[in-house]
Amino acid sequence: MTEEGVEATGKEILSDADQDEVVETLTLDQRQEELKKSRWNVFLWLGIAVLMFTFALFPMPFNIDYDGNTDSAEKDIGWVWGPSLPGDDLFDAPLHLDVLASSPPPDSGVLIEAYVIKEDNCQQQLGNLIEEAKAGTSHANQYQIMDSTPVVGQEHTFKFSVDPGQYCVIVQYVDADGSVNNDNANDLSVKGKVWPNQVFGGILGIICLSLSAFAFVGAQKHGAHVKQILENGNESTEDKVLASLTDARVAAGPTGGPPSAAGPTGGPPSAAGPTGPPQTVEAPVVEAPVVEAPVEQVEQVEPEAPVPTPTEPTPATADDAEAVFEPAEGGYFYKKLPDGSYEQTVYVHNSDGSYVPYEG
């Protein structure tokens, strides 16, 4: 990795650390303000999502009356918008026709048929388009027929799905042979509904609902920080640092070994040597005759203490080189072996620097 890459990585790490530090140093008032904003965002985006879904589900209604001159109910319903591509797909706009048979023909075998023709003028000749709709070869021109003879007051719903465009709707009575029934007593009414905003409103509603969910997650985080601050009280940064260090020390445990690992402070109970310094034998005091001197004072001569006979030093071995002689009370030494244990023998330090076992 080049120096520039290392420097850029360091800057990124520092920027992330600084950002975390800024987040952590927010005060209680700032946290509460952020919590309030997050909650407002939740309700704001949730409200907009509800409006978008309502807008998507709200239909554009229209009514068609029966015309005795044409023996049908015809109407140009205007432009139907949407993002759909030509052909039958998921983004087509739903179009429903609720047909009420107010006064159907009394003849048996009479049915109701409905056409949705992609044309902006219902007054022109639509014979070819009607035949195309009956054949079912075009999605732009659609056709449906009732499967049973209608009775007075019966309502039937025709359901279509159309592409964007301008459409003409035709509803009429037909005989069993397919010809239009032109009885003057015929009558029907059509109530239509189309949902051109279903795709637009649905997509925007989903987006707003997702933003509301993200705002809710942010509000939960801010709420947790506020709760933690309130539970800990007005604790300063220094107190938090000291508390964290104390917790870290407690979790880490003692840094050294137990007190007994330092070795005995005195001679071992089973040691052959004494636990204190050797007792010196006091020599009898010999009274010298008093010689009277005229002026000078006679100095009192103290008897010399017996000098211990030095013993020959024990030759050093490999174990002695690795062992450590630790001083004890009274001028004695104990031999600490490499495995950490102590030898149950008391040593003394000679003038030549060697350690020899003490002989009482």
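Just so it is clear, the structure is predicted and the values come from calculations on it, not from any experiment. When reading the values below, keep in mind they use all heavy atoms of this one structure, side chains included, and skip hydrogens, waters and symmetry mates.
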### Task
Could you grab the distance from atom OG of S72 to atom CG of D67, nearest 0.5 Å is fine?
6.5 Å
How about [X] and [Y]: does a side-chain donor come under 3.5 Å of a side-chain acceptor?
{"X": "Q166", "Y": "E119", "answer": "no"}
{"X": "Q172", "Y": "D71", "answer": "no"}
{"X": "Y115", "Y": "Q144", "answer": "no"}
{"X": "N121", "Y": "D76", "answer": "no"}
{"X": "D92", "Y": "H139", "answer": "yes"}
{"X": "W79", "Y": "D120", "answer": "no"}
{"X": "Y143", "Y": "E113", "answer": "yes"}

### Message
Taking the ring of Y358 and the ring of Y347, is the distance between their centroids below 6.0 Å?
### Response
no
### Query
Hey, are the side chains of M146 and Q154 touching, using non-hydrogen atoms and a 4.5 Å cut-off?
yes
### Task
Measure the acute angle between the ring planes of Y355 and F325, then classify it against the limits of 30° and 60° as parallel, tilted or perpendicular.
parallel
### Query
Taking the six-membered ring for Trp, are F158 and F160 parallel (under 30°), tilted (30 to 60°) or perpendicular (over 60°)?
parallel
### Any donor-acceptor N/O pair, S210 side chain to I206 backbone, under 3.5 Å
yes
### Message
Treating K75 as the side-chain partner and N63 as the backbone partner, does any N or O pair qualify as donor plus acceptor under 3.5 Å?
### Response
yes
### Message
Tell me whether the count of non-hydrogen atoms from other residues, nucleotides or ligands lying under 6.0 Å of CZ in F216 goes above 12.
### Response
no
